[in-house]
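Written out below as structure tokens is the structure these notes cover.
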Amino acid sequence: VPLAICGCCGSLKHQLTSRRVRWLLPLLVLLGLTLRVAQWVYQAPIWHDERMLVDNIESKDARHLLGPLDKNVAAPPAFLLTLRGIYDRFGHSSMMYRLPALISSFFALVLFALLARQLLAPVTAVIVTTLFVLGDRLIWHSVEIKPYMTDTGVACLLLWIYFSNLKPARRVAIISI
């Protein structure tokens, strides 16, 4: 059986702990995915800020979504165009409008767990991943018709790319700062 190497420091220091908690991260990710899908299936009503964004999506064509929006609404162009594409394909559907946030939250959750495993001691990785999985605001935002989870997913992706290209000793130095 090969020895487990710690993601946080590249040594065998946390080998025993790593073996005991390594299986927890995939279970936590599965729990997080389940909680987010349950929130999506619940179909919370569209609230005021979401309604203003949806009104813009449904009343403007793709070209006009790239300009100023009505009702003091702002969102990234790619997010707006994605929602407009959903509207063009499926019509008015709050569940479909919430799908990009849900998919982004899945992406963010998996990347966050990978980052935690890569950068932290095993027990610490489980603790911070648990906080990310169970954070009520993160669950709530995972089904909003807003770009919050897309932003979170992109941030996790950029961090993962950055830290994946560093040697373990450099990772420890940066994290300790």
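This is a predicted model, so every value here is computed, not measured.
Summarising the geometry, atom CE belonging to Met95 is positioned 3.5 Å from atom CH2 belonging to Trp40; distances are rounded to the nearest 0.5 Å. Between the CG atom of Leu69 and the CG atom of Leu53 there is a distance of 7.5 Å, given to the nearest 0.5 Å. How far CD of Gln39 is from CG of Leu102: 10.0 Å, rounded to the nearest 0.5 Å. To the nearest 0.5 Å, atom CG of residue Leu138 and atom CG of residue Leu35 are 11.5 Å apart. To the nearest 0.5 Å, atoms CG (Leu65) and CD1 (Ile57) are separated by 5.0 Å. Here the CG atom belonging to Leu28 is positioned 11.0 Å from the CG atom belonging to Leu33, to the nearest 0.5 angstrom.
Each of Trp140 and Leu109 belongs to its own hydrophobic cluster when Ile, Leu, Val, Met, Phe, Trp and Tyr are linked at side-chain heavy-atom distances under 4.5 angstrom. Hydrophobic clustering, with ILVMFWY side chains joined whenever heavy atoms are under 4.5 angstrom apart, keeps Met149 apart from Leu158. There is a path of hydrophobic side-chain contacts, each under 4.5 Å, that joins Ile161 to Phe163. Leu115 and Leu31 fall within the same hydrophobic cluster, defined by Ile, Leu, Val, Met, Phe, Trp and Tyr side-chain heavy atoms under 4.5 Å apart, directly or through other members. Taken together through direct or relayed side-chain contacts under 4.5 Å among Ile, Leu, Val, Met, Phe, Trp and Tyr, Leu99 and Tyr148 form parts of separate hydrophobic clusters.
The one candidate from Leu80, Asp70, Leu66 that meets the side-chain contact (heavy atoms from CB on, under 4.5 Å) condition with Lys60 is Asp70.
With sequence neighbours excluded, no residue forms a ring-ring contact (aromatic ring centres under 6.0 Å, His included) with Phe79.
At a cut-off of 3.5 Å, with distance as the only test, no side-chain donor of Glu144 or Tyr97 sits close to an acceptor on the other residue.
Closest of all the heavy-atom pairs between Val29 and Ala113 is CG2-CB, 3.5 Å. Listed here is the closest heavy atom pair of Gly153 and Leu111: O-CD1, 4.1 Å.
Residues Tyr42 and Val37 form no side-chain contact, since every pair of their non-hydrogen atoms from C-beta on lies 4.5 Å or further apart. Between Ile86 and Pro100, the closest side-chain pair of non-hydrogen atoms falls below 4.5 Å.
For Arg84 and Asp61, the salt-bridge test fails: no basic side-chain N is under 4.0 Å from an acidic carboxylate O.
Here the side chain of Thr124 pairs no donor or acceptor atom with the backbone of Leu120 at under 3.5 angstrom. Under a 3.5 Å cut-off, the side chain of Arg117 and the backbone N or O of Phe112 do not form any donor-acceptor pair. Counting only distance, with no hydrogens or angles, the side chain of Glu50 and the backbone of Ile145 share a donor-acceptor pair below 3.5 Å. For Arg36 (side chain) and Gly32 (main-chain N/O), a donor-acceptor pair under 3.5 Å exists by modelled atom type.
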Would you please test Leu83 and Val54 for side-chain contact (heavy atoms from CB on, under 4.5 Å) and show each step? CA-CA 8 Å; Leu83 291 179; Val54 167; over 6 Å; no
If you apply the rule side-chain contact (heavy atoms from CB on, under 4.5 Å), what do you find for His141 with Ser105, and how did you get there? CA-CA 8 Å; His141 290 316; Ser105 74; over 6 Å; no
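A 6.0 Å sphere centred on CZ of Arg137 holds more than 12 heavy atoms belonging to other residues, nucleotides or ligands. Shown here is Trp47, whose CH2 atom has more than 12 heavy atoms of other residues, nucleotides or ligands within 6.0 Å.
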